[in-house]
Amino acid sequence: MDKTVKFSVGLTGGIGSGKSAVATRFAALGATIVDTDRIAHSMTVAGGPAMPALVAEFGPEFADASGAMDRARMRALVFSDATAKARLEAILHPMIRSAAEAAGAAATGPYVIYDVPLLVESGSWRSRVQRVLVVDCPEATQVARVMARNQMTASQVQAIMAAQAPRSARLAAADDIINNEGDLTALDPQIARLHHLYLAFSAGTITIPSQRL
Ligand SMILES: CC(C)(COP(=O)(O)OP(=O)(O)OC[C@H]1O[C@@H](n2cnc3c(N)ncnc32)[C@H](O)[C@@H]1O)[C@@H](O)C(=O)NCCC(=O)NCCS
Ligand SMILES: Nc1ncnc2c1ncn2[C@@H]1O[C@H](COP(=O)(O)OP(=O)(O)OP(=O)(O)O)[C@@H](O)[C@H]1O
């Protein structure tokens with residue numbers, strides 16, 4: 001591994017699994033977090049760098065009156081039409097990847113956590129991180145949490161889950177797993193243990209298993 005590149009972890013999990021809750025806690029311990037959902041949002045605000053290409057591809061009705069992406073309209077389209085989802089991703093993913101890499105290169109923490117919902121689905125992300133950390137909870141818990149957070153119906157949440165890798169595929173790709181079935185306080189000891197492991201990897205006092213290099 002290039003010594004100038006910081007040790008990096010790809011944090012992933014299905015919608016509503018608890019990635020943001022986990023990332024916030026790692027940040028409190030000093031890790032640098034690069035949140036690809038947040039980057040994606042910044043690309044699609046009014047005047048955002050992806051907006052000209054999105055309007056050209058999908059039409060002006062996919063921008064709201066301010067010029068930002070109409071997220072509800074785009075969500076309804078892409079989670080019922082796989083081709084439209086691929087067209088959206090073809091515009092956004094390269095932009096998200098390069099902004100995420102720039103943020104990672106500027107990291108001030110001892111290691112970097114890239115929060116990437118689609119890490120298992122995307123070969124290019126898997127090869128960019130040294131370690132894959134999966135946040136896991138039962139699918140019924142994901143549905144309940146997202147329904148409560150976003151005022152969505154169960155079938156709307158299930159349509160998004162159907163567009164993501166299955167739970168079994170994510171678990172098979174994991175180097176580390178955080179179980180988020182319980183309450184939020186159950187995260188803390190799991191995160192403390194992994195933080196010490198990642199500090200040791202980043203300091204070189206433990207060797208990273210070769211299959212991740
Ligand atoms: C589809 C969009 C318009 C829905 O917007 P919305 O505000 O409702 O959701 P938000 O962006 O906050 O994403 C919430 C969650 O949806 C899931 N999700 C988002 N995009 C995708 C996708 N392309 N495929 C599968 N799941 C997705 C993730 O679990 C994500 O954490 C938006 O997610 C989007 O622009 N997606 C394309 C960019 C992308 O792939 N982002 C994922 C991170 S790289
Ligand atoms: N252990 C928990 N107990 C109760 N609520 C939780 C727990 N973990 C997360 N939540 C809540 O569930 C919702 C989803 O969590 P969070 O936003 O962290 O998931 P996420 O994986 O980042 O979601 P997304 O894929 O949509 O970005 C939030 O409202 C959060 O507050």
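Start at 1 and go down the list; that is how both ligands and their atoms are numbered. We number each residue from 1, following the sequence as shown.
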Output side-chain donor-acceptor pairs under 3.5 Å for residues 187-194, partner residues at least two apart or in another chain, one line each.
residue: Q190; atom: OE1; partner: N179; partner atom: N; Å: 2.8
residue: Q190; atom: NE2; partner: N179; partner atom: O; Å: 2.9
residue: Q190; atom: NE2; partner: A186; partner atom: O; Å: 3.0

Name each N or O atom in ligand 1 that is under 3.5 Å from a protein N or O, and give the partner atom and the distance.
residue: ligand 1; atom: 7 (O); partner: R71; partner atom: NE; Å: 2.7
residue: ligand 1; atom: 8 (O); partner: R75; partner atom: NE; Å: 2.6
residue: ligand 1; atom: 8 (O); partner: R75; partner atom: NH2; Å: 3.1
residue: ligand 1; atom: 11 (O); partner: H41; partner atom: NE2; Å: 3.1
residue: ligand 1; atom: 11 (O); partner: R71; partner atom: NH2; Å: 3.0
residue: ligand 1; atom: 12 (O); partner: H41; partner atom: NE2; Å: 3.0
residue: ligand 1; atom: 23 (N); partner: E89; partner atom: OE2; Å: 2.6
residue: ligand 1; atom: 24 (N); partner: K85; partner atom: NZ; Å: 3.3
residue: ligand 1; atom: 26 (N); partner: Q164; partner atom: NE2; Å: 3.0
residue: ligand 1; atom: 29 (O); partner: Q164; partner atom: NE2; Å: 2.9
residue: ligand 1; atom: 31 (O); partner: D37; partner atom: OD2; Å: 2.6
residue: ligand 1; atom: 40 (O); partner: H93; partner atom: NE2; Å: 2.6

Heavy atoms under 4.0 Å from ligand 2: which residues qualify? G14, I15, G16, S17, G18, K19, S20, A21, D37, R145, R149, N180, G182, D183, L184

Taking the six-membered ring where the residue is Trp, are the ring centres of Y111 and H195 under 6.0 Å apart? yes

Check: D176 and L197 side chains under 4.5 Å, non-hydrogen atoms: yes

Distance check, rounded to the nearest 0.5 Å: Q156 atom CD versus S80 atom OG? 11.0 Å

Those residues at least two apart in sequence (or on a different chain) that pass side-chain hydrogen bond (donor to acceptor under 3.5 Å, both in side chains) with T185 are D183

Other residues, nucleotides and ligands only: do more than 12 of their heavy atoms fall within 6.0 Å of CZ on R38? no

To the nearest 0.5 Å, atom CZ of F62 lies from atom CE of M69 at 10.0 Å

Exercise: do R71 and T44 side chains pair donor with acceptor under 3.5 Å: yes

Take E89 and K85 through the test salt bridge (Lys or Arg N to Asp or Glu O under 4.0 Å) and record every step on the way to the result. CA-CA 6 Å; E89 292 175 351; K85 187 166 93 76; 2.8 Å; yes

